[in-house]
Amino acid sequence: MNDTAPSTADLAQQAAAALAELTGVERHDIALVLGSGWLPAVDALGEATAEIATTDLPGFHAAGVVGHSGKIRSLEVAGRRILVFLSRTHFYEGKGVAAVVHPVRTAAAAGCRAIVLTNGCGGLKATFEPGQPVLISDHINLTATSPIEGANFVDLTDLYSPRLRALCQEIDPTLDEGVYVQFPGPHYETPAEIGMVRAMGGHLVGMSTTLEAIAAREAGLEVLGISLVTNLAAGISGEPLNHAEVLEAGKAAASRMGDLLGRIVPRI
Ligand code: 8IG
């Protein structure tokens, strides 16, 4: 980085200012980041008051995965202004950690106090079935990096808000919880790696979320993480893993997840 490049905080401020202008909404309250399979659930949340391309905001890159569209929606649910990122930049795209967490920092700069991070993932618990949403109770970050720059020793105790998890379980008592393990990807795990995850206490495996959750905590946001188990983790079912199955599980689970989001958002 040279002396004239804006800091990550400045870039987020610039993006938030452009966002306010393009959406006509000065401040947003809650941000939602969509993972694989979650789009149908958000469509069920309500009509967008504005939809813009991420590339219209400073610091955003074009989307890189089928099933993720590079759009940002603004909508109102029960008097709350919701900012929805329909795509995310993944760590495996190689654009750097700052690019991965730029939406989170933009959401904070736009006024958001809470963020809902969703993802599609592989599941390890014997009770998990494809299409099942699971609350993230904690994470293990296997990317070997952090979005935080400098000696800022951010506390990650209770990173995934106990208050919001309790709220979710009050709304849907059948919701299970699990520890989410982020691998760098983009390949899925080997069966031996899934054995390692099991031994270290993980229940969900994916390629996102942990770096965003850390950046959200640094920015003072309350974090809710919800995984959609779209497939059983490698070696569990005996079947190979593929991305089509991920999108299919999202469609099948859409109404349950849409209902869940619709009932949680007014109470955040
Ligand atoms: I969707 O089984 C989805 N994303 N690492 N492993 C990893 N990421 C995933 C998986 C999975 N399923």
Side-chain angles (χ1 to χ4, degrees), residues 32-42 63-70 85-95 97 100-101 103 116-145 160 175-214 225-254 256-258 260-261:
L32 205 60
V33 179
L34 294 203
S36 297
W38 281 86
L39 181 60
V42 167
V65 183
V66 179
H68 293 256
S69 81
F85 295 91
L86 269 58
S87 67
R88 53 159 53 96
T89 295
H90 286 86
F91 181 64
Y92 57 70
E93 292 173 58
K95 292 167 181 162
V97 188
V100 171
V101 303
V116 182
L117 299 172
T118 69
N119 63 55
C121 73
L124 277 83
K125 275 194 198 176
T127 54
F128 286 167
E129 288 170 17
Q132 180 177 344
V134 176
L135 299 174
I136 299 176
S137 58
D138 203 345
H139 81 218
I140 296 173
N141 170 14
L142 295 185
T143 66
T145 190
Y160 297 90
L175 272 178
D176 200 355
E177 296 194 327
V179 173
Y180 179 88
V181 180
Q182 179 176 359
F183 279 83
H187 52 273
Y188 293 120
E189 296 70 36
T190 63
E193 285 164 342
I194 293 304
M196 174 188 78
V197 170
R198 194 186 296 286
M200 56 171 55
H203 308 111
L204 306 157
V205 283
M207 305 176 196
S208 67
T209 306
T210 75
L211 299 169
E212 293 151 77
I214 294 166
I226 316 178
S227 286
L228 173 67
V229 175
T230 60
N231 56 274
L232 300 181
I236 293 181
S237 73
E239 298 295 318
L241 307 185
N242 67 80
H243 191 61
E245 139 186 80
V246 167
L247 301 181
E248 203 43 55
K251 271 186 210 150
R256 179 177 180 196
M257 297 189 303
L260 180 66
L261 288 180

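Whatever order the structure lists them in is the order used to number ligands and atoms, beginning at 1. Source: prediction; values computed, not measured.
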Check: Phe128 ring centre within less than 6.0 Å of His203 ring centre: no

Test of proximity, Asn231 against ligand 1: N or O pairs below 3.5 Å: yes

Nearest option to atom 7 (C) of ligand 1, as decided by whichever heavy atom of Glu189, Gln182, His90 sits closest: Glu189

Ligand 1 contact by Gly185, heavy-atom criterion under 4.0 angstrom: no

Exam field: side chain Tyr92 to backbone His187, donor-acceptor pair closer than 3.5 Å: no

Under-4.0 Å heavy-atom contact with ligand 1, by part of Thr230 that carries it: side chain

Test item: Asn119 and Tyr180 side chains (from C-beta on) under 4.5 Å apart, heavy atoms: yes

Atoms of ligand 1 close to Gly122 [distance to a heavy atom under 4.0 angstrom, numbered from 1]: 2 (O), 10 (C), 11 (C), 12 (N)

Reported CG-to-OG1 distance for the pair Leu117 and Thr210, which is rounded to 0.5 angstrom: 10.0 Å

Atoms in ligand 1 with a heavy atom of Cys121 nearer than 4.0 Å: 1 (I), 3 (C), 4 (N), 10 (C), 12 (N)

Stepwise side chain to side chain contact (heavy atoms under 4.5 Å, CB included) test for Val229 and Cys121: CA-CA 5 Å; Val229 175; Cys121 73; 4.3 Å; yes

Location of contacts on Asn119 toward ligand 1, heavy atoms closer than 4.0 Å: neither

Minimal non-hydrogen separation, Gly35 against Arg88, with atom names: CA-NH1, 3.5 Å

